[in-house]
Every structure is written in C-alpha cells, then in structure tokens.
Visitor: 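Encoded as structure tokens, here's the structure I'll be asking about.
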There are 2 protein chains.
Amino acid sequence: MENIMKSLRTVLFTSFSYLIIIIFFSSLTSRNANGESGHKLWLRYIPVSNNNLLQKYRHSVQKVDINAVAPTMKVAANELKRGLDGLLSGKIPITHSVTQNGIIIVGTPKNSKLVASLHLRNELHKLGKEGYLIKNVQINQKKCIVIAANTDIGVLYGSFGFLRLLQTHQHITHLNISSSPKIEYRILDHWDNLNETVERGYAGLSLWNWANLPEYKAPRYKAYARADASIGINGEVLNNVNANPMILTKKYLKKIAVLADIFRPYGIKVYVSVPFNAPQIIGHLKTYDPLNSQVQQWWNKKANQIYHYIPDFGGFLIKANSEGQPGPLTYGRTYADGANMLAKALAPHGGIVMWRAFVYDKNSKEDRQRQSYEAFKPLDGKFDKNVLLQVKNGPIDFQPREPFNPLFGALPKTQTMMEFEITQEYMGHSHWLAYLAPMYKEALDSDTYARGKGSTVAKVIDGSLFHYQKTGIAGVANTGMDRNWTGQPFGQANWFAFGRLAWNHNLSSAEIADEWIRMTFTNDPVFVKKTKKIMLASRQIGVLCRDPIGLNDLFEQPHHWGPAPWYNRGPLEWRNTYYHRADAEGIGFDRTSTGSNAISQYFPPVARKFESLKNCPEKYLLWFHHVSWNYKMKSGRTLWQELCYKYYKGVDSVRWTQKVWESLAGKIDQQRYNHVKALLKLEDKEAIWWRNACLLYFQTFSHQPIPSKYPQPKETLKYYKHTEVVPPPKY
Amino acid sequence: MENIMKSLRTVLFTSFSYLIIIIFFSSLTSRNANGESGHKLWLRYIPVSNNNLLQKYRHSVQKVDINAVAPTMKVAANELKRGLDGLLSGKIPITHSVTQNGIIIVGTPKNSKLVASLHLRNELHKLGKEGYLIKNVQINQKKCIVIAANTDIGVLYGSFGFLRLLQTHQHITHLNISSSPKIEYRILDHWDNLNETVERGYAGLSLWNWANLPEYKAPRYKAYARADASIGINGEVLNNVNANPMILTKKYLKKIAVLADIFRPYGIKVYVSVPFNAPQIIGHLKTYDPLNSQVQQWWNKKANQIYHYIPDFGGFLIKANSEGQPGPLTYGRTYADGANMLAKALAPHGGIVMWRAFVYDKNSKEDRQRQSYEAFKPLDGKFDKNVLLQVKNGPIDFQPREPFNPLFGALPKTQTMMEFEITQEYMGHSHWLAYLAPMYKEALDSDTYARGKGSTVAKVIDGSLFHYQKTGIAGVANTGMDRNWTGQPFGQANWFAFGRLAWNHNLSSAEIADEWIRMTFTNDPVFVKKTKKIMLASRQIGVLCRDPIGLNDLFEQPHHWGPAPWYNRGPLEWRNTYYHRADAEGIGFDRTSTGSNAISQYFPPVARKFESLKNCPEKYLLWFHHVSWNYKMKSGRTLWQELCYKYYKGVDSVRWTQKVWESLAGKIDQQRYNHVKALLKLEDKEAIWWRNACLLYFQTFSHQPIPSKYPQPKETLKYYKHTEVVPPPKY
C-alpha cells in the first residue's frame, strides 16, 4: 500500500510539476505576447516553440558537466543553466559523471578531466586562446556533446555558441564546430562623456553612472558585459574620444577598476580615451611634447598607477590633432612620436595604443579625403609594436556609403585596425530601421589590390595580408540607458552584427540577420524570411533616401539629423557645399586626376576603375566625379532624372518596409511590433523631408523639373530651409 | 461513478490550481527576492504576506461589480483587477449581481445602479468632483464594500485608495472613508527640455521622447500617468520653465495631444511652460508687449489652436522677468498685465495661468529675500480669476531649510499656490536618502498670522483662509528614464509624499512614510519601523550636513552639488559669500530692522519672533541674524562650537543611517537593498566633504580651532577648493 501511495504520489507530483511548468511558462509567454521591452536582447531563451525539436533537444541535453569554480566558468555554468532551463522549459541539472546519454561536457583540458580524456589537443591547438569547439562525442558509450576550449573564456564563448544553436533551431546531433576569432581586439568604443551624456548617442544617457561609482555597482554593468561576451566582444573603451583628462585621475581610476572587475569574468578588458595634453591639464606640466622627458615620465607613472588599480587594463584610444584635440603636431612632432610615447608607457604592462587616423585640417585647401592618407602613409613602419592605427571604414566620416579608406592596404608595416560606427549618426539616429551589416561587409569585402587581387580590407585587418602581430576592430557603440539598450529595436541587430563580424568576417549579412531575428524575435519562418528581407534592404534604403549616387555630407549641423545640402557656414570642410559641389553644369566632387586626384591613393586597379567615368560604380559616381546633369546613367536616365528616381525610390522603399512589417502583425509581441511600426511611420515622414529638401535644393542648380510622374513636393525650398527644425533627439 | 470522477476531477483541478497559483507566485516572489528594479514603485501588488489577513481579505473581496465602459472606468477596473489578483493571489472576477458576500461595488450613481440604489447622495455631495467614499454596506443582506464617487475619476482615486488599504494591511470590515482633495490643481512641473535633458534632473533623460512623438507612444507614458493618478496628481507641466517657444508650434502641439490623450483617462491634464516673448520668436511680431493688441491677438489665436488639438488643455506656467527670461517689465508693464493677457486668452477655454513669483534682480542692492514680496504685494487683487501666483515655499530658492515665504498670507486677493521641489537639487541629487515630507510639512504648517493665530500656509494654499476660488500646488518632478524612475530608490517617496500631501495636507510625514514603505518594500514591522525612522530623520540630516543654523546657498555652481561656501564670482546674488556674510566678527545675514529688514515682510507675531536674537528659532538664526562667533547658543556652546558640532553630527547621523539600513539586510530584495546601501556610502563620503570644506573655510573667519575631540580634516582648505571636482551627475 505504501508503495502504491508512493507511486501515486510520484505520478501525481510529476504531472503536477509538468502542468505547473507548462502553466508557469505559458503565463510567462502570455505576458510576453502583450509586450517585451527588448531588454533581454538576443538572449531571451524562451522555450523552443517547435515541439518535435524540443523533444529532440531534451533528448540530447539532459545534464551539464561543468566545473564551475573559476569566475568565468561560473559565468558559463550560469549561462548554460539559464539558457537551457529556458529553452527546454525545465531544470537541467549539473552532473559530474557520464552514466546516461545527453550529457553536455563543458570545460578545458585543465579544468575538466572528461574534456582532457577526449584527446582534443590537436584540434584545440588550432583554436588559440579564445576559440572553442562543439562536437558530438561518445563517452562510456553514452552520447554526449562537448564544449571545449583552451581557456575559460573560450568555454564561455562556446557556451553562448551552443545556446545559439538551440535558439536558432539548429540540429545538434552531428556537430563538429570549430570556431575562433579572426581578430584579436574586438572592441566597442563608447563616446560617453563623464557627465553621462553620449556624443552621437541616441539611446539615452551613458551606461556608466560615474557619479555613483565606485560605491554603486548598477546591475546593468553585468548585464552589458554578458551581452557583449555573448557576441565575442572583448574590450570596451569607456569614454569619448573627445576625452576629458579627469578620466585619468585616481578618483576615476577607482571607478574604472570596479567596472573592470565586473567585466573580467566575461573576458572583457577596459580601455580609456585619453587627451594628448593630459600631462599639462591634470599633471600641471608646462608642456605635453612627447619628446620631453618629463612628459614621458608622467605617462610612465600614469600607466603604473593605472595598472595598480586595473592589472589587466587594455590600453589607450586617442584622437590627436583632429577637430581641435591636442596632439604631437603642436610641438612639430609626428603622430608616431606621440603614439610611441604612449606605447612605451603601456608596453611593460601589455597594453596597447589605438591611434585614430581620423585627422584633417578643417581649413586646408587639400581635399579632405586625401589628408589622412598623406599624414600616415609616410609613417608606415614607424610605430611601436603595441600601436594599432584605427582607421574609419571610409575616407571621410561614417557616411551612409563611402568607398573604402585608401589607408587600408597602404600600411604593410603598421598594424591597421578598423573603426566602424554602430550608432546611427548618419543613418537616422534611433528612428530608422537600418541594418548595417551590409555596410560593414561592403567595406570588409572591398579589394584593395595591395598584394594583388583578393587583398581585401578584411585581410588587412585580420592581419593575414601583412602578417600583423596584433589585429583589431572597433565599433562606436549604440547603447544607452533606454530599456531596450538601443532605442530602435533593430539597433540591437547592429550591435550584434558588429560582434559577430568581429569574430568572423566571413559570415554574411543574411546569416547574421537570420541568427539575430530568430534569437531576438521568433523562429516563425514567415517572420524570419520577411524581416530578413527588410533588414537586408534597409541600409541601401537609407542611402537612397539621403545621399544616392555617391553624394555625401548633406546633413544638418551639428546634430547630423535631417537634410541641409545648402549648409555652407564655418570652416571649408564643414560645409556641405564643399562636398556635393553642385553648380549649373552638374554635381559631384572631382577626385580624378583632373581634380583632387585623391583616387591616386588607391592601388592602380582600384584607381583605374574609380578614375573612369564609365567604369566607376554608379554608387560612388558623385563621390569621385563632377558629372553633368544631363549625363546618361546606365538606366538610360539622365543624372538629374536618376537623382529624382533614387530619392523617390527611397520613399517608396520605406513604404514597402512598412507594408512588409505590418503584414507581420501578431507574429511577435505587441510592444515591439508597435514600436517598430511607429518608428517606420516616422521614417516615412523623414524620408519625404529628405527627398523634397534635397531635390528642391539641387533643382536650383539643375534647373530641370522633377518628372511629373512623381508626386510633387507640396512645400517650397524656403520652407525646408526655414522650417521649425525639431531639436535633435539628444545633445 | 461519473459523478465521483467529476468530483475527483474538480478536487484535483482545484488543488492543481491552488498549487499552480502558489508556485507561480512563489516563483515570482523568489525572483523578486533576488532583485526588484523599483520600476513598479508603490504599485507592486505582491501577495499579502500575512496569511490570516489574506484569508480575511479573500473573504471580504470575492468579486468586483463595475461598469467598465467609459475610459476612466476601464482604467479603474483594470487597476482593481491587477491589484486584487496580485494582492490576493488569485483571479477576482467581475460580476453584475449581488448574490453572495464579498462584492466590491464600484461606480458613480450614474454608471452603477447598485451605487445609485445605496442613497449616498448626501455623502457624495460633500466630496466634490474628485472625492470618493469607501464603506461597508449590506445589499440583499450580503456584505459588500462600496467604492463610490460623483465622477469616474473619483472612482479611480477610490480604487487606488481601496488597494492602498490592502497594500498597507489595514482592516476592511468597518470602513467608512470619505476622502476628497483639499487642493484643486495638483501638478507636477517637469523642467524637461525639448532635447530631452532635464534641468535639475538626476534620474536620466526626460520621460517625453519628443523626437519620436506623435508617432511612437512609449509604454512609459501610460505607466507614468497611472503612477501619478494613484497619488492624486491631476496635472503635468510638460516642459522646463526656462521654456523653448517651439513647444507652442503646431508640430509640438500634435505631440502634446498624444500625451494628453494618454493621460486623459487618468484624470490628468497637460500644461506647458511658455516664454513670454513667444509672439516675437515664433510669431515673428516686432514686440511682445502685453498691452499691444497684435500680441494679445497672437496669444488668443494660439490658445484657440492649442484647444483645437487638446480640448481639455490645462493652461500655462510662466517664468517671466526672472533669471534672464523675458517678461512684461521689459515694456514697463506689470506682472499682472502679463498674466492677465495670457489669462484672457485661456479663459474662454477654461485654462489657467500659473505665474511664478520667483523673481529677483541678480544685481540689485536690495536683499534678494525682499524682492519677490515687493514685486507682488502691490499687485494683490490685480490678477484675473484664472491666474494663480506660484510661490516657492521659501523666499530664496529651495534650500534645504528656509523659513516660509512671506508672500504666503500677504495676498488675500491673489490666488496663491505652492511650488515645492521634489527633485533633490540642493539635497544631494539622486545620491542622498532624503525624505522631504518633513520639509513640505514644515512649510505648510508655518503660521503666517495673516488672519491671526492658525493662519497656516496650508490654509492659504487650500483657499480656506482667503476663500480663493482656485487652489493649487506644484512640485518640481524628480522622475526620469532611470528604470526605477527616480535614481535613488527613496526618491520615489518624495514623489509619493508630494501627491499625498497635495491631496491631504493634514497627513503627517510619518503616516505617509508608513504607507510608502509598506507599499514599496514590505509590511515587515521591523523594516517599517526602522526605515520610517531613518526617513523621518533624513531631511534634518541633510540640513546638518550642508547648512545648519540657518545657513544657506553654500553650493558649488552651476550644478548645486558639493560645497563651495567660498564661491564669489558673477552677479552679487549668485555669490555664496552674499548669503553667509562670514567675517571676523561672525556669520549670517542681518535681515532684522538693523539690516535689510526683510523680516518686516512677515506679519508682526512672526516678525517679532524672527527679529529677536533670543527668540528666533536657532534653525533660522543665521538666516536672519549676523551673529558673533562667540555667541552663546541654547546648547551652551558658542556659535563656532555649535557649527562644528552640527557638521560633525551630520556625518555621524549619516553613519547611523547606514547602520540602521544595514541591520535590515535580508528583509527586502537584494537589488534595492544593495543600491541604497551603496548610495549611503556615497552619502557618507559627501557628508565628510561638506563638513570639512565648510568648517575649514569658515575657520578662516572664526580663527578658532575645530574642537580637538573631533577627528580633524585630513586635507587642507586648498585641497577642497581645488580638488578635482567630479562633474555633476548630469548636464
């Protein structure tokens, strides 16, 4: 009788438990149906919706064997627990033996005897210090999956990688994944000021609550580190490149140390932006000349002090002699003199200097595009080993479309790293749905021809072309205090894509979008397919709406929101008229040999293509050529007609995006659906604003009508020039 | 057999359901044990923890009878559902008949036949358009509770009031509550700029995402309206008193209309701050002279336009001829001329003008304290019926402690409303635990003697003293985009207390703290008792740490964070030395008849007390008197010794607060506990900074030592004057 009762109790208890779990989760998901804030990003870990697959996963994933002692291993164990419990709607226990199928074995040969027993040395050897492998193995004739790496952080990356497989509904019975990052330094640059505003930030104030550090460790610091680690980010530059020297004071170092401590288990190092004149401003020296021994001494001591507080401090990012920032040129020294001084201070501690190549003289008569190349090309080979030159993808400034920066490929002896912009400074701030992976890929896949065909920018920055010892990639972050981190829900995709590409630039934009959509929204095939379509189109739509055919720098100042092609105040190179050069004849910047000859900075096969009016890709046409309004485009339209066509197509494409999105109603939670829907309406309004303002303005040069088949602007150019400009979203 | 099975199924199902509910909620609460962000404020509705009480509540509250058709009634029904389901851990259904005990009958005589049947006309008549009653009644011999009001908004207030009873564990078997607001206009002033920064805001950016309005209706708008309605707030001034005229453009009116639509069901009207020169800036008139008919016309038209978009628009708040803002004085007109012009534009639509009395000439030789009174006293009776004069509680500017503003009581024919500051501009921003109800009460309870003894400030502003037709109270909001709304978790208490006092200024600080603690944290008696103790002490601690004995305006500029008693740059009345007047003789501002004679602005019984060195309350001593360093205080200490004593006591009191708080570990969720704990550490650091900086500075005048029994400052005055001042938290 007792046994019967026991059985009954067990049965009852089990049914109870199941029911409870189901109801609990269905209640959670029904909550979700009403609204998700987006705060969970791509790490939602909701139950696998495909029941077949769920059963298979449950079969393959029953327990986890992990030695969760070291801090990073603890993080990995927690993540697996959280992820698997969520995805499989159950409790996946930790085990320390393999007596059944479905054990996930997680660790390094050092911290896991099981992993060591698998003889993975050769495979692991190839993976370096951050790579991981995931494969199906048999242990004691039991079917298991191993997530192995050489280091704890590799294990964490592998754990996130494994969870991603389940989140995206991949099969996990024939796994043989080896993955390691192609680039060593994968960094987010935060243009965050110490007063917590963010330059070019459109998602609220800074994540760093400097005023309350070091006392208060806000929960978001850990949440942020976790999100970054999940996509392989391993560094954070904490402050704006227009840097406040106070970041280097003891008071701030103590604050930074707290962040570094929180980030450490996630494999993330902290870096700071420094102003070159810090020795003068906070060190009270009379000079900041990099060849002055007192100045050098000051930096050496400062580095010692920094490493006292933060033993694994990453290094410095610096913007020098650029847009008003101090630098070595002030003393007639070179950028290399400046960089190497800092590098020597950091070298004993293992730190690096990221020296930004974004320099130009705003009053120079020299084509701005030429200046950065002219400044750094002669210095090739003059930089210390722990210096990386940080180069923006294009030669001007993060425009919606730029040809690649000719510095890529030009510096075989200078470790050249990439600087992308994730925050949508020129892509509609946090209003626009603009998936930027295609922009990043366009740059990475550009062929520099530096060592003949196939010398892509990607191969420059991953070090394979010139055998750089150190490689790096940086993205200007788009995160802030907004509950969903990025304002526009699709902004999360750019953060995600940057991390995924920094890890593996061979991934396609579509693959990354596919992952992100599934993890962030749903695996519903219709939703995935359609959303991917609008994402992949979105960057080009942004270009069409703002600056098609190679136009650029048409933005209102200083906020870079909305159109102002007429803007012609201030220094030469801050005027928009400087860039588009529209006149009665035509429009565009002649950078061929008859013009500024900036094209000559590219290797000959590239230069030849750009130089030729006929062969130059039309997407770059007005970037490189001043072209007659009546020039016949490949479409058969004249340039003016083509310009009209593109701007109108831009608005139409935004409308198409809206339509596609609205066809997806009900497939995801209302809150995010409505948010995107509302922002697309705003996008539509802004696209019309751009189209009308630009065409009405350029029409004053072309003296040609907007073809009558298009709906004509209702307002005049004067209206657009003088309309009550809404203040930009932030600062 | 079938019946048996049915019973079994029912039993099983019921047990299942119970278990499920219990587990679901315990899982929720265990989540909560780890951390609550504070986002839910005082509306958490967690299950009643006292099981006895829970059973009693379940007995008395079984179903709700409500006619949830009108928008505000829907809100009330949803709130009751959410609240009761949460508090009682179950599903409380809606019913439309009384066939059992435990029905909550909710409505007005117009929308509920049951309410109408209760013959409450006489009782309801006294409650006005916003009041409510809650009482136990018998219907069909069933025990019920009625929540009744004359209007839907009264019902909503009553619903929140009823939920508050349960949240604070009150008995509900002998209810006979009648409640109606003592003040008509209960308004939060948002000093929010259109670029989303907040002047004197310390909890992140503005709640209003202007850039994405009207398209995007962020969920927080509704959440905010709900929170405000729960404490009886019925108006929001949306923008900074240092106003951008663009708020009055059509573009912005459309945005405002969206907010107004969202707020309307919560009984909340929107108001805007206007700059007096708007007709010139956005209307392109040549003048903004209030007696110019074109200007008047412009405002009339503008008002028409506003009401076209927002039919129940509340009105204008205005800061004129104050700190650089334009105003009628520019044209030799009076404040009344200005206010009445605006009032006439709004009157046909039912709007009001709140004209701020905060005016002073920063270069005047006249004691700043005197200026506002001198400016407005002669205008008494000159303002239109829909004008309220908005007067800060003290005569200077929201200092931690000020005597009451002599304008209260001085204007029997001018509707005088109160302006309190909720945001902690001078009380440690969002770092300090500073419960401000005692400060509000101190002002409200001050006796003006305007109509003899008992003529309190509260009676002035609730209209009872002078029979004002319109009454108002405004608080400068402390909310922002921080997840917990206010940064410092205890900041929520000030928002709450302001609302509660605006509704009923007879509530004591302790009663309000008691409610807030129970609703926000827990009903645990030890936690409630101890937390109330530190809350009630906290404002006085803030005074001790910064400006004891009637000192004031010792703050660093422009951010008002940290001490700078030495500050003496800029216009006379912006210098801190102007206020404390420390010299070799003594310290303090002589406002007696031998000095500025500002005291004469008070009614004789008050003036006599302040004038007398002996009778003047020591808390105001240096506010009204210049006192010798060796003056004997009531404690027997000299003034200098007393000053030292107070500053040291301030730091000790912060330490005491820390100790009390730390004794409460484990009684609430870790996240909020840790947050407060960390902030108290920061508070300790800042209190020491204040103490040392002020004493070392004043010592240069007193030439007396800090008594040796106290730990001596480790740093010098020079250090404090030149220490790397951390940038203020925001802007």
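These numbers come from a predicted model, not from an experiment. Naming: A, B, ... by sequence-line order, numbering from 1 per chain.
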Visitor: Pick one of side chain, backbone, both or neither for A/Leu682, based on which atoms fall under 4.5 Å of a heavy atom in chain B.
Guide: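 Answer is both: backbone and side chain atoms of A/Leu682 are under 4.5 Å from chain B.
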Visitor: Distance check, rounded to the nearest 0.5 Å: B/Tyr216 atom OH versus A/Gln488 atom CD?
Guide: 10.0 Å
Visitor: Between A/His675, A/Lys681, A/Lys217, who has the most heavy-atom pairs with chain B when the cutoff is under 4.5 Å?
Guide: A/His675
Visitor: Got a second to check how far B/Ser37's OG is from A/Arg220's CZ, nearest 0.5 Å?
Guide: 12.0 Å
Visitor: Any Lys/Arg nitrogen of A/Lys677 or B/Glu215 sitting under 4.0 Å from an Asp/Glu carboxylate oxygen of the other?
Guide: no
Visitor: What residues form a side chain to side chain contact (heavy atoms under 4.5 Å, CB included) with A/Gln280, not counting sequence neighbours?
Guide: A/Tyr288, A/Tyr331
Visitor: Any chance NZ of B/Lys81 has more than 12 other-residue heavy atoms, nucleotides or ligands included, within less than 6.0 Å?
Guide: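 Count over threshold, so yes.
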Visitor: If we only count heavy atoms from C-beta on, is the A/Met481 to B/Leu205 side-chain gap below 4.5 Å?
Guide: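 With C-beta onward as the side chain, the pair stays apart.
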Visitor: Would you please name every residue forming a ring-ring contact (aromatic ring centres under 6.0 Å, His included) with B/Trp690, sequence neighbours left out?
Guide: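 Here the qualifying residues are B/Phe555.
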